[in-house]
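If you read the sequence from its start, that first residue is 1, and numbering goes on from there. Just so it is clear, the values below take in all heavy atoms, side chains as well, and ignore hydrogens, waters and symmetry mates.
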Amino acid sequence: MASIKQFQVTFDCAEPERLARFWCEVLGYVVPPPPEGFATWDDFKLSLPPEQRDSWFACSDPSGVGPRLYFQRVPEGKAAKNRLHLDVRVGTGLVGEERLAVLEAECARLVPLGAVHVRTLYDGNDSCIPMQDIEGNEFCID
């Protein structure tokens, strides 16, 4: 049986490009170049039928290590808590107040981008900060 070599994480959303650009800022990801034959993504979008414009967008890890993130427009809004979420790992290996400080600094960086700080979980040793992205998808600063 062949092993899986690559995967992408797909987000259903209302505004694919806006959400993709938010996650680029969160993760240090980049928007790939537009398809061959187009100078910009706007040029590419104008080549599509109106109903297909702004229907998807993607971003990727510039190092090629992390998964591609794909954002697709869907008609329905978010109705319930995510069954799957991303953990943004900024405090790996840290404990106590040092870990909490790093997580809080990342939270403070993301809130002006439109993220919502849900709460801070801290037991004196371990910590995690649940948040929401600009469309209400849950993620954690870990």
Side-chain donor or acceptor of [X] paired with backbone N/O of [Y] under 3.5 Å:
X    : Y    : answer
Q8   : Y70  : no
W41  : F57  : no
K45  : S47  : no
D133 : G136 : yes
R68  : F7   : no
E135 : E15  : yes

message: One pair to check against side-chain contact (heavy atoms from CB on, under 4.5 Å): L27 and L69. What are the steps and the verdict?
response: CA-CA 11 Å; L27 300 174; L69 301 182; 3.7 Å; yes
Looking only at non-hydrogen atoms, find the nearest pair between [X] and [Y] and report the distance.
X   : Y    : answer
R53 : L46  : NH2-O, 3.3 Å
A39 : P34  : O-CG, 3.7 Å
A58 : P32  : O-CD, 3.4 Å
D43 : T40  : N-OG1, 3.0 Å
V26 : R109 : O-NH2, 3.0 Å
C59 : A20  : SG-O, 3.9 Å

Is it true that [X] and [Y] fall in one hydrophobic cluster, defined by side-chain heavy atoms closer than 4.5 Å?
X    : Y    : result
W56  : Y29  : no
V116 : I129 : no
L113 : I141 : yes
V9   : V88  : yes
V118 : L100 : no

- prompt: Are D126 and V95 side-chain neighbours, meaning at least one heavy-atom pair lies under 4.5 Å?
  reply: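 Counting from C-beta outward, D126 and V95 never come under 4.5 Å.
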To the nearest 0.5 Å, how far apart are [atom1] in [X] and [atom2] in [Y]?
X    : Y    : atom1 : atom2 : value
C13  : K78  : SG    : NZ    : 12.5 Å
R89  : L103 : CZ    : CG    : 10.0 Å
H117 : C107 : NE2   : SG    : 4.5 Å
L121 : C128 : CG    : SG    : 5.5 Å

message: Would you say Y122 and E104 are linked by a side-chain donor-acceptor pair, where the criterion is simply a distance under 3.5 Å?
response: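 Absent: no donor and acceptor within the cut-off.
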message: Pairing donors with acceptors under 3.5 angstrom, does anything connect the side chains of D12 and Q72?
response: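 Checked: D12/Q72 side chains pair up, N/O donor to acceptor below 3.5 Å.
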- request: Determine whether the aromatic ring centres of F139 and W23 lie less than 6.0 Å apart.
  value: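 That pair passes the under 6.0 Å test.
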- request: Before giving the answer on side-chain contact (heavy atoms from CB on, under 4.5 Å), spell out for V31 and C24 the whole-Å C-alpha distance, their side-chain angles and the decisive distance to 0.1 Å.
  value: CA-CA 7 Å; V31 173; C24 282; 4.0 Å; yes
- request: Take R21 and E17 through the salt bridge (Lys or Arg N to Asp or Glu O under 4.0 Å) test and state the conclusion after the steps.
  value: CA-CA 6 Å; R21 291 186 184 281; E17 183 173 350; 2.9 Å; yes
field: D142, T92, N125 screened by side-chain hydrogen bond (donor to acceptor under 3.5 Å, both in side chains) with R99, the one that passes
entry: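 That would be D142; it is the only one of D142, T92, N125 passing the side-chain hydrogen bond (donor to acceptor under 3.5 Å, both in side chains) with R99.
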- request: May I have the step-by-step check of side-chain contact (heavy atoms from CB on, under 4.5 Å) for H85 and N137, ending in yes or no?
  value: CA-CA 8 Å; H85 69 266; N137 299 300; over 6 Å; no
message: In terms of relative ring orientation, are F71 and F11 parallel, tilted or perpendicular, with 30° and 60° separating the classes?
response: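 Parallel: the ring planes of F71 and F11 meet at under 30°.
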- request: Please name all residues satisfying salt bridge (Lys or Arg N to Asp or Glu O under 4.0 Å) with D61, sequence neighbours left out, ordered by chain then number.
  value: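 Checked D61 against salt bridge (Lys or Arg N to Asp or Glu O under 4.0 Å); zero matches.
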- request: Mind running side-chain contact (heavy atoms from CB on, under 4.5 Å) on M131 and E106 for me, showing each step along the way?
  value: CA-CA 11 Å; M131 300 188 76; E106 183 66 1; over 6 Å; no
